[in-house]
*Asks:* 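Attaching a single structure in structure tokens format; questions to follow.
Every chain is numbered from 1, with letters handed out A, B, ... down the list of sequences.
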There are 2 protein chains.
Amino acid sequence: MQMPVQRRTTIKDVAEAAGVGVATVSRVLSGGSASAETREKVLAAAARLDYHPSALGRNLRQRRTGGVGLLVPDITDSFYARLADGVLSCARSYGEPVTIGVTGDDPERESEMIGTLIEQSMDRVIAVPSGDGDAWDPVLRAGVNVVFASRRAEPDVPDVPAVLADDRGGVRTAVEYLTGLGHRKIAFLARRGQSQRVAAFTGALKALGVPVEDELVVHARASRDSAYAAAAGLLQRRPDVTAVLTGGNILGEAAVLAARELDVRVPRDVSLIMFDDVPWAELCSPPLTVIAQPAQDIGYRAAELVLRQGRRPRTVMLPSELVVRASCGPRRPRQ
Amino acid sequence: MQMPVQRRTTIKDVAEAAGVGVATVSRVLSGGSASAETREKVLAAAARLDYHPSALGRNLRQRRTGGVGLLVPDITDSFYARLADGVLSCARSYGEPVTIGVTGDDPERESEMIGTLIEQSMDRVIAVPSGDGDAWDPVLRAGVNVVFASRRAEPDVPDVPAVLADDRGGVRTAVEYLTGLGHRKIAFLARRGQSQRVAAFTGALKALGVPVEDELVVHARASRDSAYAAAAGLLQRRPDVTAVLTGGNILGEAAVLAARELDVRVPRDVSLIMFDDVPWAELCSPPLTVIAQPAQDIGYRAAELVLRQGRRPRTVMLPSELVVRASCGPRRPRQ
DNA sequence: GTGAAAGCGCTAACAG
DNA sequence: CTGTTAGCGCTTTCAC
């Protein structure tokens with residue numbers, strides 16, 4: 001049994017039904033000039049036939065795809081989900097569809113997705129770049145409008161605006177808070193590619209006269225497993241560490257889990273600050289002190305930047321904020 | 001200063017460069033038959049010119065859009081994020097882009113998004129339907145391939161396959177577990193539209209000979225605020241309730257928060273079971289007992305259904321599982 | 001103010 | 001095996 005597929009109503013059908021030319025229909029429907037009478041007829045016919053203009057035809061003609069592409073490392077990560085939500089929400093108000101791609105923070109996969117996007121003639125892309133800034137070169141030359149969100153590419157791509165949270169400020173505040181509690185052996189659990197935050201971290205330590213140990217900066221890949229391994233490894237290897245700062249909420253989750261597993265008490269044995277606020281930070285035991293970032297705003301602003309044609313500001317910096325809850329305490333040597 | 005936008009390389013350019021006709025290029029690139037020599041020339045020319053076929057042209061010609069549309073209530077909800085991740089992951093293996101829309105569980109917004117999708121000529125859609133089954137009628141008649149994920153529409157739309165988790169089984173197991181612990185006053189915090197689960201809930205109670213009180217089924221809207229209000233309201237209004245089952249993780253979050261705020265201890269004063277397992281359920285204090293659903297699988301399977309052309313099974317049911325942690329205890333009257 | 005016609009980039013007939 | 005041709009549905013000159 002075959003589903004009775006009805007042929008799509010086209011602009012031509014409407015033109016015939018209204019007794020006018022196709023050009024007129026097009027004009028009326030896109031707000032061009034037409035006599036009141038004609039407009040009336042066209043609108044009536046369109047409504048009667050339940051006509052929906054085909055984005056395909058329009059886009060082909062205009063050599064561009066409506067809609068925006070969005071590339072995030074992991075949609076399962078609450079931070080990126082909120083960022084995506086911001087993008088979606090802004091795009092909706094422009095009536096633009098958004099096509100999403102997950103890069104897994106893998107430069108190769110990222111290029112692959114970029115390929116798909118330009119194949120779709122997407123001419124506006126928001127990305128949390130995972131990889132090689134060079135990968136963006138062909139895209140830019142193809143005239144695609146790119147905005148980076150949450151981080152820049154490395155090496156940096158000039159001419160691409162970005163919407164960022166103030167990592168530096170966040171890290172500095174956190175480190176000051178921790179040193180204020182007496183901590184000296186502070187570790188940083190980072191995701192690969194968070195060199196920005198790592199730099200801010202070591203910079204903050206130096207500024208406060210705390211010696212920097214390279215070994216206390218630990219890198220993990222994007223996956224939960226890798227995060228857990230990194231966290232557990234750190235806690236076991238360095239019992240002298242009394243405070244940990246994590247570069248993201250997946251890493252924070254891993255740190256809490258690892259600490260619990262290894263019977264390291266938070267905040268008694270080690271203080272913990274996590275990058276990015278998530279709903280569960282408050283439900284956690286103990287409730288986690290975090291560096292909150294306006295994930296949703298970042299997405300929204302990035303979408304605005306890419307959707308609003310006209311002059312484009314170079315870069316937008318949004319504030320981070322230290323939200324103190326109960327995962328930090330005064331330094332008490334663990335061993 | 002104007003960005004030097006280079007005109008897109010078209011199939012015609014490649015044809016000229018290779019000294020063949022456009023049809024030949026098309027054939028070679030889509031795996032049709034051609035002499036080894038010609039194929040060579042075409043491929044070389046394509047590579048040299050960095051040619052990427054335009055999906056726009058192809059789709060217009062073929063009267064369909066590659067790619068699949070995905071409609072979820074809230075991408076910020078970890079369950080739907082994981083579902084989306086499953087879809088994305090499957091789609092990627094088919095090389096299909098996915099366009100995502102957030103419905104906010106609002107039928108009106110859902111219709112709006114459906115409109116956008118058919119305007120894009122999307123001919124394959126995966127949806128967690130929020131509303132009116134009737135809204136899907138025009139879509140189906142337009143020949144769009146729809147698969148529902150995680151729930152069906154109401155009133156149900158025939159001919160639309162669905163990938164579901166076994167709600168019924170999950171609820172029954174949970175209720176049995178709770179009654180086994182001695183609980184009789186069990187409340188169900190539901191999102192609007194979860195009539196399936198509510199029915200399973202009351203059904204399970206009846207089967208166990210526990211009297212059903214309508215007032216113990218509380219409905220909330222999709223937002224966190226509404227969820228919190230519902231949870232807090234229930235806990236205050238009915239101090240005789242000793243166990244709560246929540247229809248989703250946002251509601252679970254709200255219940256934990258409300259209980260904490262109202263100084264109701266879990267599981268001492270009230271036992272709590274949440275629908276859907278999320279990473280933070282384990283980090284919560286106490287760790288939450290949950291009905292786990294294979295969110296990612298649901299998405300993946302739904303994508304498979306919609307992408308694999310050919311015979312389409314009616315419906316797929318995936319198992320739910322009760323994961324016992326520490327949020328339930330024996331009944332102890334609260335007042 | 002309105003219609004006819006020319007494509008946008010591609011594929012599928014249809015000839016050769 | 002390959003080239004020519006006719007559109008897919010739409011917008012946009014360009015005449016009238």
*Asks:* Between which nucleotides of DNA chain D, 5' to 3', does chain B make heavy-atom contacts below 4.0 Å?
*Replies:* D:dC1 to D:dG9

*Asks:* Judged by each residue's nearest nucleotide on DNA chain D, which is more toward the 5′ side, B:Leu60 or B:Gly19?
*Replies:* B:Gly19

*Asks:* Rounding to an integer number of Å, can you tell me how far A:Glu119 CD sits from C:dC10 C1'?
*Replies:* 12 Å

*Asks:* In whole angstrom, give the distance that lies between atom NZ of A:Lys41 and atom P of C:dG1.
*Replies:* 15 Å

*Asks:* Determine all donor-acceptor pairs shorter than 3.5 Å in which one atom belongs to a side chain in residues 18-27 of chain A; sequence neighbours excluded.
*Replies:*
none

*Asks:* Going by side chain to side chain donor-acceptor pair (under 3.5 Å), name the residues that satisfy it together with B:Gln196, two or more places apart in sequence or in a different chain.
*Replies:* none

*Asks:* Let me know, please, whether B:Val20 or B:Gln62 comes out on the 5' side of the other along DNA chain D by nearest nucleotide.
*Replies:* B:Val20

*Asks:* Could you pull out all residues at least two apart from A:Glu16 that satisfy side-chain contact (heavy atoms from CB on, under 4.5 Å)?
*Replies:* A:Lys12

*Asks:* I need the CD1-P distance between A:Ile118 and C:dG9, as an integer number of Å.
*Replies:* 14 Å

*Asks:* Counting only non-hydrogen atoms, which of residues 48-56 of chain A are less than 4.0 Å from DNA chain D?
*Replies:* A:Tyr51, A:Pro53, A:Ser54

*Asks:* Could you pull out the closest heavy-atom pair between A:Gln120 and B:Pro97, with the gap in Å?
*Replies:* NE2-CG, 3.5 Å

*Asks:* Could you pull out all residues at least two apart from B:Ser121 that satisfy side chain to side chain donor-acceptor pair (under 3.5 Å)?
*Replies:* A:Arg8

*Asks:* For residues 26-45 of chain B, which residue pairs qualify under ring pair (Phe, Tyr, Trp, His ring centres under 6.0 Å), counting only residues two or more places apart or in two chains?
*Replies:* none

*Asks:* Contact class for B:Ser30 vs. all strands (heavy atom < 4.0 Å): base, sugar-phosphate, or nothing?
*Replies:* nothing

*Asks:* Grab the CD1-P distance between A:Ile11 and C:dA4 for me, whole Å please.
*Replies:* 13 Å

*Asks:* Under 3.5 Å, which donor-acceptor pairs do the side chains of residues 147-156 of chain B form with other protein atoms, sequence neighbours left out?
*Replies:*
residue  : atom : partner  : partner atom : Å
B:Arg151 : NE   : B:Pro129 : O            : 3.1
B:Arg151 : NH1  : B:Tyr80  : OH           : 3.1
B:Arg151 : NH2  : B:Asp105 : OD1          : 2.6
B:Arg151 : NH2  : B:Pro129 : O            : 3.4
B:Arg152 : NH1  : B:Asp156 : OD1          : 3.3
B:Arg152 : NH2  : B:Thr315 : OG1          : 2.8
B:Glu154 : OE1  : B:Ser195 : OG           : 3.1
B:Glu154 : OE2  : B:Ser195 : OG           : 2.8

*Asks:* Once side-chain contact (heavy atoms from CB on, under 4.5 Å) is applied, do any residues pair with A:Asp297, and if so which ones, sequence neighbours excluded?
*Replies:* A:Pro294, A:Leu318

*Asks:* Identify the heavy atoms of A:Pro161 and A:Asp159 that sit nearest to each other, and give their distance.
*Replies:* CD-O, 3.5 Å

*Asks:* For A:Glu40 and C:dG1, give me the distance from atom CD to atom P, rounded to whole Å.
*Replies:* 17 Å

*Asks:* Listing request: all salt bridge (Lys or Arg N to Asp or Glu O under 4.0 Å) pairs with a residue in residues 125-138 of chain B, at least two apart in sequence or in separate chains.
*Replies:* none

*Asks:* What pairs with A:Arg301 under salt bridge (charged side-chain N to carboxylate O under 4.0 Å, His left out), at least two apart in sequence or on another chain?
*Replies:* A:Glu304

*Asks:* May I have the distance from A:Lys12 (atom NZ) to C:dA4 (atom P), rounded to whole angstrom?
*Replies:* 11 Å

*Asks:* Select base, sugar-phosphate, or nothing to describe what A:Gly57 touches, counting heavy atoms under 4.0 Å on all strands.
*Replies:* base

*Asks:* Using a 4.0 Å cut-off on heavy atoms, which residues in residues 22-29 of chain B reach DNA chain C? List them by number, or say none.
*Replies:* B:Ala23, B:Ser26, B:Arg27

